[in-house]
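Written out below as structure tokens is the structure these notes cover.
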Amino acid sequence: MKYSIFSLARAAFSGHKNWQRTWRDASPKDRYDVVIIGGGGHGLATAWFLASEYGIRKVAVLEKGWIGSGNAGRNTTIIRSNYGLPGNTGFYELSMKLWERMEQDLNYNTMVSQRGVINLYHSDAQRDAYARRGNTMRINGIDAELLDLAAVKKMMPFLNFDNARFPVQGGLLQRRGGTARHDAVVWGYAHAASALGVDIIQNCEVTGFVRDANGKVTGVETTRGTIGAGKVGMAVAGSSSRVAAMAGLRLPIESHVLQAFVSEAIKPLIPNVMTFGAGHFYVSQSDKGGLVFGGDIDGYNSYAQRGNMPVMEDVCEGGMALMPMIGRVRLLRQWGGIMDMSMDGSPIIDKAPVDGLYLNAGWCYGGFKATPGSGLVFAHLLARDELHKEAARFRLDRFRRGAVIDEKGVGAQPNLH
Amino acid sequence: MRIVCPFCGERELGEFTCLGDAKPLRPAAGASDDEVFDYVYLRDNIAGAMSEHWYHGGGCRAWLKITRNTLTHEISAVEPAAGVGARSAAR
């Protein structure tokens, strides 16, 4: 169905009892041109771009649980393109532009809110680094503003400006950054892809690959039977190593848990997305009023989708250092998502060393903001067998070639990203 | 998660730092590019019981070898890891 003011009015006048399903819950067919493993934002976006942009409509998205039940439902909903390294700058801006037209493209309200993202700085060195990053962004046609202390005070008067150890000196602001509703992104892509004929198959866990005599992947074994495929794309962040292992691959990835938190709802307080540059803390306020925030990963391998207390304490301390008054706000809930920590902190989009298999992995902390861009470049790779120009540096062999993209500059230890 | 240090007894997680998979061993000088690449970048990334190196920095400062299930966080064995610190210090 097509959503409009009239469909909304019609549904309202009939007591909201006649809404149609927004997408089809399909059963697997014998064969597809492309099978995508993983019904998160990236997998569904890929399917939609395959159908809408590249004309490939015999596509199935396989999800082991229900769509959006993995990392797509476990993030802090931030979107931005404030990256400084070649390879990242263009890619995240491509993604940002797709966020800006997503609702029109998908005919779905994904609640994209360009409320601004500000990275605070607390030292001269950090100011210089942010100035440089902002300049890089502006050279590449991306908006960035370096704010001084007075400008930050005007925008966020509630911060603790008397912090002796980490005094706020200013911030790097990207006004076009902001947030989007994570569940709606999943449903929106499912809605639009399904309308173009894509089969979204839930409760369908992939248990192995079907290979021909030459070793080429020609399909997948699943809990709902064998499904043939011309090509198989993996978009299973958090579980990339496990799925790749079924094809005999080892990846430069470790899985780590990242926690996020929501407070009880309070009146509008935080006008944008803020990051506390001195520690690692980021926060925004949801439209319902809860403060949504997070910090570091827990620091050890995990597939458990839950975290531990020391990081909880550390994250809350970060928040308190920035805004002491939130100390009386109660924490409503907390969750953990499993991150594909790649060894340089950047994603991997490439053909796998196994024929017929394609990788979309290694998103580290930052998969959500990449959702539309990732879908587009992965669809491009699956359709054309060549990398999109904005994803050309995300190749798997960059580690072997020494061409890593280390945005944070902390080396090859994923627990440091 | 709490860890029973063989020297200090049961302590909270915050006293420890995880260094990751205990399986990769630093290749000898003169190892091939493939061996070095494998050691630096590739990981088994096990879902299940995994042997890891941990450092008890907030306690006895000993290096430990811990067997932990990455699906449940359950710890089944903790033992001193003699010589591990020296071998891993260069990481």
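Reminder, nothing fancy here: chain letters follow the sequence lines and each chain counts from 1.
A salt bridge between Arg43(B) and Asp21(B) is absent, with no side-chain N of the basic residue lying under 4.0 Å from a carboxylate O of the acidic one. Ion pair Asp350(A)/Arg398(A) not flagged as a salt bridge, since none of the NZ, NE, NH1 or NH2 atoms sits closer than 4.0 Å to an Asp/Glu carboxylate oxygen.
For Leu251(A), the part sitting under 4.5 Å from any heavy atom of chain B is the backbone (N, CA, C, O) and nothing else. Proximity to chain B (any heavy atom under 4.5 Å) is shown, for Pro252(A), by both the backbone and the side chain. Both the backbone and the side chain of Arg400(A) come within contact range of chain B, each with at least one heavy atom under 4.5 Å from a heavy atom of that chain. Heavy-atom distances place no part of Asn69(B) under 4.5 Å from chain A, backbone and side chain included.
You'll find the ring centres of Tyr300(A) and Phe16(B) outside the 6.0 Å limit. Within the 6.0 Å centre-distance limit, the rings of Phe293(A) and Phe281(A) are counted as a close aromatic pair.
Interface remark: of the candidates Glu313(A), Met343(A), Arg250(A), Arg250(A) forms the most heavy-atom pairs closer than 4.5 Å to chain B. Heavy-atom pairs under 4.5 Å with chain A were tallied for Asp44(B), Val40(B), Asp38(B); the largest tally goes to Asp44(B). No other option in Thr17(B), Asp33(B), Asp34(B) has as many heavy-atom pairs under 4.5 Å with chain A as Asp34(B).
Residue Tyr365(A) holds its OH atom at 9.5 Å from CE of Met339(A), rounded to the nearest 0.5 Å.
Here the closest heavy-atom approach between residue Asn308(A) and residue Gln259(A) is recorded as O-NE2, 2.9 Å.
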